[in-house]
Amino acid sequence: MPTTHKMQRRSLLLAALAAAAPRAQAADAPAASWPVQPVKLMVGFPGGSSPDLTARALAEPLAAALGQPVIVENKPGAGGNIAAAQVARAADGHTLGIAINGNLTTAPLLYRKLAYNPAKDLAPISLLTTAPAVLVAPAGLPGGKEFLQKARQEGERWNYGSVGAGSIAHLGVELIKARLPGFNPLHVPYNGQPAVITALIGGQIQMGLMAPGVAMPHVAEGRLRAIGLTTASRSPLAPGVPALAELGVPDYDLQVWNALIAPAGLPAAARQKLAQAVAAVMQAQPLRQRLLALGWQPVGSSPEELRQHIGKEAEALGQIVRTLGLRLD
């Protein structure tokens, strides 16, 4: 009799599993066939900004790969955090976002009232583009090691400009301070990159960090001098410019970058399909050439590679934020 009862229970269990299988397959179907409607790509910066240009360069080839239109929507404000929060809250299964460094690394430390948690509310999809920042100075100042030596001699008598507190242009120079004893210029925030460039050309400030696509045209025309790159090695985006590590700044490697993100609730199968599509289109020569012309090195990473990239940078810049005691409203 016990044997009969066991066989009955086993039959009931097998029947229950068989009944559940179609339901499980149905639940997986939307993820496997994703996307089933147009994809919205949120950008937290205005038209013509670097993240916007990256998004618009990516949209058409990604749409072809996914079989659905990819629509770029700009939602500028709070350094990209407004758009990142909107992506985190999206429940339609078809809203993605383009994020920059700070949205995924330092934002939780900088902002007292951040409307999203990057680690819990957002899913990393792919590192899209990277670029070194270029440390630039007025054309009349010396270059290379001589510049850094003079900066250490001048200390707080010299200033550097950035597009605002907490930006990579701000934290990047503070990271140089942490790596190079005696280097201690004071921070002067401006309301945009054009204002920083104007102040540099006019000699009101002695240095600033900016992307190669912004800096190098002014260097080529003799208005600014390129001192060094924030990456560990040289870059084809700024030919002939040495890395700051070559000039004596130890253990320094920092890039500006754009990444593709999704709400944390996007099914894993959809995330994987999306990451594979991005990796494929980022290898296509037309898109690569377009991004290089915009001053960006195309990447196209896996979600895990992007997650590791975020963690490494969050640790390095987080130490700077905590040391400065920097908090923003």
Side-chain angles (χ1 to χ4, degrees), residues 27-44 50-51 54-55 57-59 61-68 70-72 80-81 83-108 114 116-131 168 253-284 287-288 291 296-318:
D28 287 342
S33 60
W34 186 93
V36 295
Q37 65 187 57
V39 174
K40 184 188 296 182
L41 193 53
M42 300 295 302
V43 178
S50 290
T54 297
L58 177 65
L62 184 59
L66 295 176
Q68 288 286 348
V70 175
I71 302 164
V72 177
N81 290 331
Q86 190 163 331
V87 173
R89 293 192 300 266
D92 63 359
H94 289 75
T95 295
L96 309 174
I98 300 287
I100 64 168
N101 304 45
N103 304 140
L104 304 177
T105 58
T106 56
L114 191 66
Y116 66 98
N117 183 321
K120 294 181 180 179
D121 301 332
L122 295 171
I125 301 297
S126 181
L127 180 63
L128 298 175
T129 55
T130 65
I168 288 296
D253 189 5
L254 181 66
Q255 299 180 83
V256 290
W257 44 267
N258 296 307
L260 185 65
I261 56 173
L266 187 69
R271 279 184 267 160
Q272 186 62 30
K273 180 178 181 179
L274 179 59
Q276 290 173 347
V278 170
V281 300
M282 294 296 278
Q283 293 303 313
L287 179 57
R288 293 184 68 83
L291 291 170
W296 291 99
Q297 187 73 46
V299 182
S301 75
S302 70
E304 183 55 31
E305 287 169 336
L306 175 55
R307 190 184 303 278
Q308 292 175 5
H309 188 82
I310 292 168
K312 180 180 177 181
E313 186 168 297
E315 182 178 355
L317 294 182

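In this text the structure is predicted, and so the values were computed from the model without any measurement.
- Between Asp121 and Arg89, every side-chain heavy-atom pair lies at or beyond the 4.5 Å cut-off.
- In terms of modelled atom types and a separation under 3.5 Å, the side chain of Thr106 and the main chain of Gly318 share no donor-acceptor contact.
- Across every non-hydrogen atom of Ile125 and Arg271, the tightest pair is CD1-CG, 3.6 Å.
- Shown here for Val281 and Pro61, the closest heavy-atom pair between the two residues is CG1-O, 3.6 Å.
- Legend: residues meeting ring pair (Phe, Tyr, Trp, His ring centres under 6.0 Å) with Trp257, ordered by chain and number and at least two apart, are His309.
- Contact between Ala90 and Thr95 at its shortest, heavy atoms only, is CB-CB, 3.5 Å.
- Two residues are said to be in side-chain contact when any heavy atoms from C-beta on lie closer than 4.5 Å; Gln283 and Arg288 meet this criterion.
- Val43 and Ala83 make their closest contact through C-CB, 4.0 Å (heavy atoms, listed as atom of the first residue, atom of the second, distance).
- Not counting sequence neighbours, the partners of Thr129 by the side chain to side chain contact (heavy atoms under 4.5 Å, CB included) test are Thr54, Asn258, Met282, Leu291, Trp296.
- The shortest side-chain heavy-atom distance between Leu260 and Leu274 falls under the 4.5 Å cut-off.
- Considering only heavy atoms from C-beta on, Ile100 stays 4.5 Å or farther from Val256 through its side chain.
- Leu254 has its side chain within reach of Glu313: a pair of non-hydrogen atoms, C-beta onward, lies under 4.5 Å apart.
- Considering every non-hydrogen atom in both Lys120 and Ala264, the closest pair reads O-CB, 3.3 Å.
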- Quick one: do Ile168 and Leu317 satisfy side chain to side chain contact (heavy atoms under 4.5 Å, CB included)? Show the steps, please. CA-CA 9 Å; Ile168 288 296; Leu317 294 182; 3.7 Å; yes
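- Taking OG from Ser302 and CG from Leu127, the interatomic distance works out to 10.0 Å, rounded to the nearest 0.5 Å.
- Distance alone, capped at 3.5 Å, places no donor-acceptor pair between the Tyr116 side chain and the Val87 backbone.
- With rounding to the nearest 0.5 Å, the separation of NE2 in His94 from NZ in Lys40 is 12.0 Å.
- Residue-environment remark: CD (Glu315) stays at or below the threshold of 12 foreign heavy atoms within 6.0 Å.
- Between Gln255 and Asn101, the shortest heavy-atom distance links the atoms O-ND2, 2.7 Å.
- Remark: of the listed residues Ile261, Ile310, Asn117, Leu266, Ile261 is the sole one forming a side chain to side chain contact (heavy atoms under 4.5 Å, CB included) with Leu122.
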